[in-house]
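What follows is a set of notes on a single structure, which appears directly below.
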Amino acid sequence: GSHLKRPYMEILGIDNNLQFRRGMKLHREVMEGMRSKEGKAPRGVLVGSPGLDRFHERAIDLFFPRTDAVKPAWQRTMLTFIEGLAKIGDRALKVAA
C-alpha cells in the first residue's frame, strides 16, 4: 500500500523514507521500554539489536528511497516492479471484497 500511496504522499510533502525511519525509532523506543530494570528483554518479544537496526535502515533506503534521492537504474526497475505487484495485489483485494 505504501508504494501505491507514494504519489499522494509526495504531493503532501511527506517523504515515506523519513516516515518509516520515524516509525522504526518509535518502535525501538517501545521495545526498549519493555526491558526489565536489569535490561532483559521480555519473553516472546524480539527487542532488536544495532545490527538489526542497520538492516532495517538499509531496507528502508532500498524499498522507500528518499523523495530527493537519485536512484540508479536497477533500483528504479525494482521499484517499478514492486509498484506493479502492489497494483495487482490491490486489484485482487478489491475482487475478493
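These figures come from a predicted structure and were not determined experimentally. Excluded from the calculations below are hydrogen atoms, water molecules and symmetry mates; all remaining heavy atoms, backbone and side chain alike, are included.
One finds the CG atom of L62 at 7.5 Å from the CG atom of L79 (value rounded to the nearest 0.5 Å). How far CD1 of I14 is from OH of Y8: 14.0 Å, rounded to the nearest 0.5 Å. Rounding to the nearest 0.5 angstrom, the gap separating the CG atom in L12 from the NZ atom in K5 is 12.0 Å. If you take CG on L85 and CG on D90, they are separated by 12.5 Å, rounding to the nearest 0.5 Å.
Contact check for I60 versus E57: no side-chain heavy atoms found under the 4.5 Å cut-off.
In this structure, R76 contributes its side chain and K71 its backbone to a donor-acceptor pair below 3.5 Å.
Scanning both residues, E83 and L4, for their nearest heavy atoms gives O-CD2, 4.1 Å. Nearest heavy atom pair, residue F64 against residue H3, reads CE2-NE2, 3.4 Å.
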I'd like to know whether R28 forms a salt bridge (Lys or Arg N to Asp or Glu O under 4.0 Å) with E32, so could you lay out the CA-CA distance, the side-chain angles of the two residues, the decisive distance to 0.1 Å, and finally the verdict.
CA-CA 6 Å; R28 269 193 312 276; E32 286 300 321; over 6 Å; no

Decide side chain to side chain contact (heavy atoms under 4.5 Å, CB included) for M9 and T67; before the verdict, give the C-alpha distance in whole Å, the side-chain angles of both, and the deciding distance to 0.1 Å.
CA-CA 10 Å; M9 301 294 259; T67 303; over 6 Å; no

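Aromatic rings of F20 and H56 (six-membered ring for Trp) have centroids beyond the 6.0 Å cut-off, not under it.
The side chain to side chain donor-acceptor pair (under 3.5 Å) test with R21 singles out one residue from N16, D61, D15, and that residue is D61.
Residues I82 and W74 are members of one and the same hydrophobic cluster, defined by side-chain heavy-atom contacts under 4.5 angstrom among Ile, Leu, Val, Met, Phe, Trp and Tyr.
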